[in-house]
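First the structure, in the form of structure tokens, and then the observations on it.
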There are 2 protein chains.
Amino acid sequence: MAERYRCPVELTVDLLGGKWRTVILAYLKEGVHRYGELRRRLPGVSEKMLTQRLRELEADGLVARHDHHTVPPHVEYRLTDEGRSLAPVLQALYDWGTERAARSGTPIDDPVPRPDLR
Amino acid sequence: MAERYRCPVELTVDLLGGKWRTVILAYLKEGVHRYGELRRRLPGVSEKMLTQRLRELEADGLVARHDHHTVPPHVEYRLTDEGRSLAPVLQALYDWGTERAARSGTPIDDPVPRPDLR
DNA sequence: CAGTATCCGCGGAGATACTG
DNA sequence: CAGTATCTCCGCGGATACTG
């Protein structure tokens, strides 16, 4: 996210690479989420990493942050239009990953559980 | 490439992430290439990195290595069927990256120049 | 030609403690 | 609740030199 690219593919992978980015985007694709919700749904993520990734996704224009400025704090994250435009890409990655997992016998722990919208 | 995945998307990104993987695949999509050709076409890649990435892609079953066992050495790399099955994914990444580059004004140095097949 | 071998630095990532 | 602030470790990735 800083240098020059020789191929558009590099740019996309750069934006989606790393350990948590795509999973966060997958969750936000389902709807608006608060910081604490995301943290609970990403087992193993540290607060530092989650905050860092969210800030990066925000800087990249893929995620929008809404601070309600209340006490106690209430901050929501959602996809921007740009973030939503990634849907076909995420879908292609999802489909190929699913087939690959089946072919190779790699287990997938939990296929992106939905947030329970109540 | 070692742990468990919570989403098929993670698996795919894990396989395609990193600095050189997708570019190597993009070149091999055009046809068979020798080690030296690839090295010349990836400005800035070190021999260690190129070898390492090729070995990983081979271990992942995306690339096949053919050693002609001659002196001087002659080694060729090509996509496997599995590697070719990535075409739609690479295309989706390519398309989105192209649009994103246009929207954001990010320059793309050289949109994956073809190997000159003479 | 197609690689190994080795050394090294930077930044990603985790753990822990603290705050408006 | 939603974060900062540090400290630290580890491994990717680059540079350089050597080889069958």
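Naming: A, B, ... by sequence-line order, numbering from 1 per chain.
Taking only side-chain nitrogens and oxygens, A:R55 comes nearer than 4.0 Å to OP1 or OP2 of D:dT4. Look at B:R39 and you won't find any side-chain N or O under 4.0 angstrom from OP1 or OP2 of C:dC1. Regarding contacts with the backbone of D:dA2, a side-chain N or O of A:R34 is found under 4.0 angstrom from either OP1 or OP2. Using a 4.0 Å cut-off, some side-chain N or O of B:Y77 falls inside it from OP1 or OP2 of C:dG3. For the pair B:R65 and C:dG3, the criterion of a side-chain N or O lying under 4.0 Å from OP1 or OP2 is met.
Residue A:Y35 contributes atom OH, which lies 15 Å from atom C1' of C:dG20 at whole-angstrom precision. Straight-line distance from the CG atom of A:L54 to the C1' atom of D:dC1: 15 Å, rounded to whole Å. In this structure, CD of A:Q52 is placed 12 Å from P of D:dA5, rounded to the nearest angstrom. Going from atom CD of B:E47 over to atom P of D:dC18 covers 14 Å, rounded to whole Å. Note: CE (B:M49) to P (D:dA15) measures 10 Å, nearest angstrom. What separates CZ of B:R21 from P of D:dC12 is a distance of 10 Å, to the nearest Å. To the nearest angstrom, P of D:dC1 lies 19 Å from NE2 of A:H69. Atom CZ in B:R53 sits about 12 Å away from atom C1' in D:dG14, given to the nearest Å.
The aromatic rings of A:Y27 and A:H33 lie perpendicular to each other, with more than 60° between the two planes, well past the 30° mark.
Between A:T51 and B:W20, the one whose closest nucleotide on DNA chain D sits nearer the 5' end is A:T51.
Ion pair A:E10/B:K19 not flagged as a salt bridge, since none of the NZ, NE, NH1 or NH2 atoms sits closer than 4.0 Å to an Asp/Glu carboxylate oxygen. Using a cutoff of 4.0 Å between basic side-chain nitrogens and carboxylate oxygens, A:R34 and A:E37 are not scored as salt-bridged.
Two residues are said to be in side-chain contact when any heavy atoms from C-beta on lie closer than 4.5 Å; B:R21 and B:L16 fail this criterion. Under the 4.5 Å side-chain criterion, counting only non-hydrogen atoms from C-beta, A:E47 is in contact with A:Y35. Using a 4.5 Å heavy-atom cutoff, the side chains of B:L54 and B:L38 are in contact.
If you check distances only, the side chain of B:K48 never reaches the base of C:dA5 with a donor-acceptor pair under 3.5 Å.
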Watson-Crick or G-U pairs under 3.5 Å in DNA chain C, rendered as dot-bracket with [ ] for crossing pairs and | for another strand: ||||||||||||||||||||

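Side-chain contact of A:T12 with B:Y94: a donor-acceptor pair under 3.5 Å is absent, judged by distance alone.
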